[in-house]
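Down below is the structure, laid out as structure tokens.
Values reported hereafter were calculated over all heavy atoms of this structure, with side chains retained and with hydrogens, waters and symmetry mates removed. These numbers were taken from a predicted model, which means no experiment stands behind them.
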Amino acid sequence: MKKGDHLFLVDGSGYIFRAYHALPPLTRKSDGLPVGAVSGFCNMLWKLMQNARDTDVGVTPTHFAVIFDYSSHTFRNDLYPEYKANRSAPPEDLIPQFGLIRHATKAFDLPCIEMEGFEADDLIATYARLAHEAGGDTTIISSDKDLMQLVGPTVSMYDPMKDKEIKVPEVIEKWGVPPEKMIDLQALMGDSVDNIPGVPGIGQKTAAQLLEEFGDLDTLLARADEIKQNKRRETLIENREKALMSRELVRLMNDVPDVDALDTLVLQPPNGPKLISFLKTMEFTTLTRRVAEASGTEAAEIEPAHVDVQWGADAHGPDLTAAPVSDPEAASSGDVAPTPEAREAQNTPAALAAARLAEAVAGKVDTTAYTCIRDIATLRAWIEEAREEGVVAFDTETTSLDPMQAELCGFSLAIRPGRAAYVPLIHKSGAGDLLGGGQIEGQIPAREALAALKPLMEDRSVLKIAQNLKYDLVMMHRHGIDVAPYDDTMLISYVLDAGVFGGHGMDALSERWLGHTPIAFKDVCGSGKSLITFDLVDLEKATTYAAEDADVTLRLWRVLKPRLVEKGLVSVYERLERPLVPVLARMEQRGISVDRQILSRLSGDLAQGAAALEDEIYQLAGERFTIGSPKQLGDILFGRMGLPGGSKTKTGQWSTSAQVLEDLAAEGHELPRKIVDWRQLTKLKSTYTDALPGYIHPETKRVHTSYALAATTTGRLSSSEPNLQNIPVRTAEGRKIRTAFIAEPGNLLISADYSQIELRVLAHVADIPQLRQAFADGVDIHAMTASEMFSVPVEGMPGEVRRRAKAINFGIIYGISAFGLANQLSIPREEAGSYIKKYFERFPGIRDYMEATKAFARENGYVETIFGRRAHYPEIRSPNPSIRAFNERASINAPIQGSAADIIRRAMVRMEGALEKAGLENTRMLLQVHDELIFEAPEGEVERAIPVIRDVMENAAMPALSMKVPLHVDARAAHNWDEAH
DNA sequence: ACAGAAGCTTA
DNA sequence: GTAAGCTTCTGTT
């Protein structure tokens with residue numbers, strides 16, 4: 001090697017993990033072999049070998065090698081046995097790819113370097129040093145922070161997935177320190193992935209700041225006593241050794257003995273036939289073609305190679321990844337060949353889904369290409385273009401997350417990927433203006449723009465697409481626009497992937513499916529104190545952000561919609577998700593009336609009660625302290641007063657949970673009892689009586705909750721701001737809160753709730769004769785269970801016996817464990833275990849159901865409700881027994897909880913139509929609490945409304961499904977929620 | 001200003 | 001033992 005030569009070192013082990021997690025995990029060869037990471041790897045190698053000059057690196061390599069980890073044991077383990085000890089096994093479908101990547105490297109005729117006892121990083125450090133000494137430059141193909149310590153004048157790094165070169169300034173930007181201080185930085189901050197301890201409590205930010213101040217780790221440790229922050233100074237002094245040892249772990253060894261000479265790494269022109277043979281085996285058609293063209297080889301004449309693959313333990317088993325694609329067309333890079341069968345079936349849903357994915361990943365989002373529409377003629381032209389296209393994604397930009405309070409700042413449209421625009425309506429110039437900034441010139445008057453938009457939004461022949469449509473629906477409705485027809489990308493994702501990593505927000509979906517990170521809201525509007533409303537954002541920035549949202553939404557829709565068909569989930573989306581959006585939007589807009597006076601009076605009562613208890617508590621404790629601090633309370637109870645401490649929390653604190661305090665109270669201690677009472681009162685006050693009035697809308701004078709459709713794994717809704725699904729009911733004190741939820745004068749609240757819906761669903765799905773009979777006869781289900789289990793007649797049954805049976809019934813629904821049941825009933829685990837055994841003897845069908853459900857979940861990675869909704873549990877095959885058991889219980893629960901959720905969703909979708917048909921125009925659905933619906937109705941409609949409501953709810957499963965067990969609904973009306981319930 | 005732990009409310 | 005959301009305290013920025 002000589003001056004001017006350029007060595008490329010690929011971190012092969014790092015690349016495979018990165019590619020696996022970054023690329024949509026779906027690429028498979030036609031025989032099912034997962035090859036996504038291999039595909040990415042081959043593309044990357046080819047690109048760098050052929051035209052590295054066109055990448056961000058901008059130079060052509062003369063020397064090239066791929067470096068791998070040899071095994072997990074290295075000299076670092078001798079230094080620190082815990083090093084990388086908490087690494088879990090790689091994902092199953094990644095395992096066969098390790099071997100394939102080495103095969104790929106050899107097929108490219110590249111040196112494949114690994115050495116026992118050393119990590120790839122050490123070899124990379126060694127070669128980089130040798131190249132430097134020979135006068136050459138080095139580019140390390142990796143973005144791993146562990147390698148950044150090597151960056152310098154002759155050494156840079158390159159992130160092939162972002163096409164970004166990492167040099168000294170990039171390291172400083174990312175970590176706040178120059179490369180030569182990376183070792184000290186990592187020594188301080190540690191690394192949970194590699195199990196490097198670092199100094200507890202010191203993170204990246206603090207570490208960089210300390211190094212900035214003191215220069216390096218040795219100086220820092222020597223002068224640690226100068227640190228002002230008490231806590232920080234002490235932990236640094238205390239953890240000195242840990243820091244020094246961590247430094248040795250992160251320091252790379254740049255003198256690994258007996259490495260190959262640099263001259264053996266000279267880049268050779270690729271051996272076309274050999275490489276093509278391998279690529280054909282992998283079914284990477286696009287790359288095969290490119291290589292054939294570049295090397296002048298006739299690909300058709302070359303046979304696929306025989307490649308020995310190390311299959312994982314169960315590589316033919318199920319694919320537990322986000323979206324397993326059976327069709328091999330589904331290459332992330334468009335690089336996996338269609339089998340002949342697939343080619344013939346180009347019109348299949350799977351082929352379309354795969355093609356759309358390939359298109360999405362290939363297409364780059366260009367945020368500089370968007371239009372800002374500032375005159376009505378241009379807007380009309382865009383609207384006409386959208387009408388011709390028949391599909392348009394839109395998004396509203398507003399001043400608030402609450403659509404009831406928000407003001408519309410503008411809206412964006414996307415017609416095709418990349419063709420997107422923003423229409424500002426009321427943007428104002430920012431601060432600096434004495435008059436607070438006036439309206440920016442050159443915006444279409446809002447009324448005029450919305451009048452032009454309305455026909456498009458309401459055009460039955462144009463599909464409108466939004467992400468989290470409910471918000472935009474409310475916004476548009478407030479401006480007199482009723483959007484239809486529509487699709488919601490968030491809901492499509494939810495139907496496809498409930499329970500799969502990440503949420504269903506746009507940013508997460510964009511990362512996952514498009515490989516694109518959209519501009520963060522906080523980068524546009526700031527956060528915290530510097531937060532500004534969207535109407536104050538300048539038009540250029542606003543256009544980039546808003547149009548990108550519409551663009552990304554459209555691209556996501558193109559990827560996701562075909563997958564619904566492919567997975568057979570169209571009817572779940574069409575019947576349980578999409579039609580619920582306007583229903584919930586209306587419920588949110590209606591809100592419910594809450595009586596301020598009642599809450600205010602309750603708040604006063606609670607304050608008095610709590611104050612009285614506080615005095616008594618200080619008396620008993622002998623000192624004043626913060627009662628609400630579990631830490632201080634624990635110290636007093638179990639430290640100073642020496643009470644027998646029960647359990648510890650996971651951070652090592654004494655637990656002061658209600659259970660622990662109740663146990664102490666039962667032994668006759670006065671203080672714990674008072675604490676429990678105090679907590680109840682302060683909880684009611686702070687969470688309900690004090691907080692609820694703040695949610696009363698200034699204009700409607702009602703409380704408008706927000707329902708999330710895509711928040712749970714099982715299909716339940718969730719409610720927030722405020723959460724009206726956890727209003728107290730169990731204690732008399734708590735129930736008083738419900739008296740504040742009232743009907744308008746002349747109206748009543750109707751509460752209709754399903755009786756035992758989850759046990760009924762269980763009786764249906766597990767088909768248990770005794771349960772079916774009991775529900776058909778309308779007998780007390782818990783008493784019946786007790787009677788079966790303990791051979792006691794139902795008449796004259798002691799309350800305790802029924803209570804235990806009830807706990808077991810609930811336990812079954814939750815995926816019972818002896819541990820949990822024992823806790824619930826405060827009985828020994830053995831006794832709980834014998835109850836469960838007894839239960840399964842009496843109801844063997846339930847055990848069969850549970851085992852079958854677990855097996856299904858293990859096999860498929862998800863479970864299904866009776867209407868076909870899927871809940872994913874990707875961790876059900878975790879090697880960690882407690883994670884696995886947790887996922888098994890959740891898998892047992894999800895079909896039951898989820899089926900009940902589906903049933904009430906169906907009822908809600910039909911409810912408004914049924915009420916209208918019955919002439920009950922003023923009976924309005926207000927709230928949903930999982931198995932209960934709350935309505936408000938004029939007194940004159942209540943009598944007629946109740947049978948209609950009951951009928952819709954009890955027959956909600958029909959006609960899709962005929963339940964083997966009748967559904968039963970209790971309904972009553974009153975002036976407030978407490979009495980109606 | 002924010003994040004995590006602990007605790008508590010519901011179905 | 002399932003599924004959620006909110007408040008307080010505590011430590012950190």
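Partners of Arg847(A) under the salt bridge (charged side-chain N to carboxylate O under 4.0 Å, His left out) rule, at least two apart in sequence or in another chain, do not exist in this structure. For Asp402(A), there are no salt bridge (charged side-chain N to carboxylate O under 4.0 Å, His left out) partners, not counting sequence neighbours. Residues satisfying the side-chain hydrogen bond (donor to acceptor under 3.5 Å, both in side chains) test with Glu875(A), not counting sequence neighbours, are none. With sequence neighbours left out, the ring pair (Phe, Tyr, Trp, His ring centres under 6.0 Å) criterion links Tyr707(A) to no other residue. Residues passing the salt bridge (charged side-chain N to carboxylate O under 4.0 Å, His left out) test with Asp978(A), sequence neighbours excluded: Arg735(A). With sequence neighbours left out, Phe625(A) forms a ring pair (Phe, Tyr, Trp, His ring centres under 6.0 Å) with no residue at all. Qualifying side-chain hydrogen bond (donor to acceptor under 3.5 Å, both in side chains) partners for Gln659(A), counting only residues two or more places apart in sequence or in other chains: Asp663(A).
Using a 4.0 Å heavy-atom distance criterion, Gly811(A) is classed as a base contact. The residue Ala885(A) sits apart from the nucleic acid: no heavy atom pair falls under 4.0 Å. Residue Thr687(A) is classed as a sugar-phosphate contact, given heavy-atom separations below 4.0 Å to backbone atoms only. At a threshold of 4.0 angstrom between heavy atoms, the contacts of Ala711(A) are confined to the sugar-phosphate backbone, with no base atom among them. Nucleic acid contact for Ala658(A): sugar-phosphate only, since backbone atoms but no base atoms lie under 4.0 Å from a heavy atom of the residue. Using a 4.0 Å heavy-atom cutoff across all strands shown, Ala822(A) reaches no nucleic acid atom at all. Leu821(A) comes within 4.0 angstrom of a nucleotide base, judged by non-hydrogen atoms across all strands.
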Residues Arg760(A), Glu954(A); criterion salt bridge (charged side-chain N to carboxylate O under 4.0 Å, His left out); working and verdict: CA-CA 12 Å; Arg760(A) 286 171 199 261; Glu954(A) 290 185 344; over 6 Å; no
List, one per line, each side-chain donor-acceptor pair under 3.5 Å for residues 899-907 of chain A, sequence neighbours excluded.
unit_1: Ser899(A); atom_1: OG; unit_2: Ile866(A); atom_2: N; d: 3.1
unit_1: Ser899(A); atom_1: OG; unit_2: Pro895(A); atom_2: O; d: 2.5
unit_1: Asp902(A); atom_1: OD1; unit_2: Arg869(A); atom_2: NE; d: 2.8
unit_1: Asp902(A); atom_1: OD1; unit_2: Arg869(A); atom_2: NH2; d: 3.3
unit_1: Asp902(A); atom_1: OD2; unit_2: Thr865(A); atom_2: OG1; d: 2.6
unit_1: Arg905(A); atom_1: NE; unit_2: Gly715(A); atom_2: O; d: 2.9
unit_1: Arg905(A); atom_1: NH1; unit_2: Leu576(A); atom_2: O; d: 2.9
unit_1: Arg905(A); atom_1: NH1; unit_2: Glu577(A); atom_2: OE1; d: 3.0
unit_1: Arg905(A); atom_1: NH1; unit_2: Glu577(A); atom_2: OE2; d: 2.9
unit_1: Arg905(A); atom_1: NH2; unit_2: Leu709(A); atom_2: O; d: 3.3
unit_1: Arg905(A); atom_1: NH2; unit_2: Gly715(A); atom_2: O; d: 3.0
unit_1: Arg906(A); atom_1: NE; unit_2: Ala956(A); atom_2: O; d: 2.6
unit_1: Arg906(A); atom_1: NH2; unit_2: Ala957(A); atom_2: O; d: 3.4
unit_1: Arg906(A); atom_1: NH2; unit_2: Met958(A); atom_2: O; d: 3.2

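The nucleotide range of DNA chain C contacted by chain A, defined by atoms under 4.0 angstrom from heavy atoms of the protein and reported 5' to 3', is dG1(C) to dT13(C).
The only member of Asp690(A), Leu692(A), Ile598(A) that meets side-chain contact (heavy atoms from CB on, under 4.5 Å) when paired with Ser603(A) is Asp690(A).
Residue Leu633(A) contributes atom CG, which lies 9 Å from atom P of dG7(B) at whole-angstrom precision.
Listed by first and then second residue, the salt bridge (Lys or Arg N to Asp or Glu O under 4.0 Å) pairs that reach into residues 824-833 of chain A are Arg804(A)-Glu831(A), sequence neighbours excluded.
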Determine, for nucleotides 1-6 of chain B in 5'-to-3' order, which nucleotides have protein heavy atoms under 4.0 Å from the base (write B), from only the sugar-phosphate (write S), or from neither (write -). SS--SS
Nucleotide N/O to protein N/O under 3.5 Å, stretch nucleotides 9-11 of chain B:
unit_1: dT9(B); atom_1: O2; unit_2: Asn726(A); atom_2: ND2; d: 2.9
unit_1: dT10(B); atom_1: OP1; unit_2: Val729(A); atom_2: N; d: 2.8
unit_1: dT10(B); atom_1: OP1; unit_2: Arg730(A); atom_2: N; d: 2.8
unit_1: dT10(B); atom_1: OP2; unit_2: Arg730(A); atom_2: NH1; d: 3.0
unit_1: dA11(B); atom_1: O3'; unit_2: Val929(A); atom_2: O; d: 3.4
unit_1: dA11(B); atom_1: O3'; unit_2: Asp931(A); atom_2: N; d: 3.3
unit_1: dA11(B); atom_1: O3'; unit_2: Asp931(A); atom_2: OD1; d: 2.9
unit_1: dA11(B); atom_1: O3'; unit_2: Asp931(A); atom_2: OD2; d: 3.2
unit_1: dA11(B); atom_1: N3; unit_2: Arg716(A); atom_2: NH1; d: 3.0
unit_1: dA11(B); atom_1: N3; unit_2: Arg716(A); atom_2: NH2; d: 3.3

